[in-house]
Amino acid sequence: MKVEGLNIGFGITGSFCTFSKITDEIQKMIDEKANVIPIFSLNASTMDTRFGKAEDWIDKIEKITGNKSILTIQDAEPIGPNSLLDVLVIAPCTGNTIAKLANAITDTPLLMAAKAHLRGMKPVIIGISTNDGLGMNAKNLGILLNTKYYYFVPFGQDSPYVKCNSLIARMDMILPTVEMAIEGKQIQPLIIQNIF
C-alpha cells in the first residue's frame, strides 16, 4: 500500500515485445490505488508492429489507468513546474532512451517528462530492455547507475548465449522497486540471473 494515492507517471518506449508484460504491472499499481498517467515515446505511440497497433496499446493502457496519455512534448513540459508526479517509471526503457537520458537529450514526450520530473528532485525508475546494454550502451547505463534520483528495476541477461549484450529488467519487480525508490533506496540485488 506504499503507492496508494501517489501520482505515478508510467513511461513507455519502443521495446514492443515487452508491452504485454507492463500492462500487468500498471494494473498492479491501479489495484494498489495509485493514480497512473501513461506517457509514450514517439516511437511507442506511432509505430505498428507484429506485437500490435500503437493506437490499440494506447487505448488499452488508457482504459486500465482511466487517464489520457501524454503524447506530446508540449503536454509533458508542465510535469515539472506543476509538480504533477511523485514518481516516474520508464518501462520498458530502450537503449536509445537510456542513451538520451544519459546525455541530456530531450526530443520526445517521455524524455521531456523525465527532464521536467527531475527538476523536482523526484525518483525516476528505469526498467531496462535493450539488446546492447552490455555493448555500446554500457557506458550510458553506467552513467545513469551513478546519477542521483535514478533507480533501476533489477535486471539481467535474458539470452546470454544468443544475444550476449542484451539486458532486460524483471518487469514483475517494478512495484517493489517503486516502493523502495520513494524511500530513496535502490532495491537489491540489482543484477540478477535467470531472468526467464
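All values derive from a computational prediction rather than experimental measurement.
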Side chains of [X] and [Y], donor plus acceptor under 3.5 Å:
X: N165; Y: N131; answer: no
X: T130; Y: D132; answer: yes
X: T108; Y: K100; answer: no

Should [X] and [Y] be counted in the same cluster of Ile, Leu, Val, Met, Phe, Trp and Tyr side chains packed under 4.5 Å apart?
X: I73; Y: M47; value: no
X: L175; Y: F19; value: yes
X: M136; Y: L101; value: no
X: I61; Y: L71; value: yes
X: L84; Y: L118; value: yes

Please report the closest heavy-atom contact between [X] and [Y], naming both atoms and the distance.
X: I105; Y: L111; result: O-CD1, 3.5 Å
X: A91; Y: I22; result: O-CG2, 3.6 Å
X: A116; Y: A76; result: CB-O, 4.1 Å
X: T18; Y: M171; result: CG2-CE, 3.7 Å
X: L85; Y: G9; result: CD2-N, 3.5 Å

Measuring only between side-chain heavy atoms, which start at C-beta, is [X] closer than 4.5 Å to [Y]?
X: I70; Y: I79; result: yes
X: S129; Y: F155; result: no
X: H117; Y: S83; result: no
X: Y150; Y: L145; result: no
X: I37; Y: I8; result: no
X: M29; Y: V178; result: yes
X: L6; Y: N35; result: no
X: I12; Y: S41; result: no

Open item on the list: For V153 and I126: C-alpha separation, side-chain torsions, deciding distance, then whether side chain to side chain contact (heavy atoms under 4.5 Å, CB included) applies.
Closed with: CA-CA 6 Å; V153 179; I126 303 291; over 6 Å; no
- [ ] Start with the C-alpha distance between E183 and K2, add both sets of side-chain angles, then the distance that settles salt bridge (charged side-chain N to carboxylate O under 4.0 Å, His left out), and finish with yes or no.
- [x] CA-CA 10 Å; E183 295 179 5; K2 291 180 181 178; 3.3 Å; yes
TODO: Starting from the C-alpha separation in whole Å, work towards a yes-or-no answer on side chain to side chain contact (heavy atoms under 4.5 Å, CB included) for D86 and I182.
DONE: CA-CA 8 Å; D86 298 298; I182 59 177; 6.0 Å; no
Open item on the list: Please report the interatomic distance CD(E25) to CD1(I30), rounded to the nearest 0.5 Å.
Closed with: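 One finds 12.5 Å between CD of E25 and CD1 of I30.
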- [ ] For salt bridge (charged side-chain N to carboxylate O under 4.0 Å, His left out), just list the numbers for D59 and K63, CA-CA rounded to whole Å, side-chain angles, deciding distance to a tenth of an Å, and then say yes or no.
- [x] CA-CA 6 Å; D59 184 58; K63 284 179 179 170; 3.1 Å; yes
Task: Whether over 12 other heavy atoms sit under 6.0 Å from K122 NZ - done: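 Yes - once you tally the heavy atoms of other residues, nucleotides and ligands closer than 6.0 Å, there are more than 12.
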TODO: Please check if atom NZ in K53 has more than 12 non-hydrogen atoms from other residues, nucleotides or ligands closer than 6.0 Å.
DONE: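 For K53, atom NZ is not crowded (no more than 12 foreign heavy atoms under 6.0 Å).
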Open item on the list: As a test of understanding, state which of V124, I187, L144, T177 forms a side-chain contact (heavy atoms from CB on, under 4.5 Å) with F152.
Closed with: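 The option that passes is L144.
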- [ ] Output, in order, the C-alpha distance, side-chain angles, deciding distance and verdict of side chain to side chain contact (heavy atoms under 4.5 Å, CB included) for K139 and I143.
- [x] CA-CA 6 Å; K139 63 184 176 184; I143 289 169; 5.5 Å; no
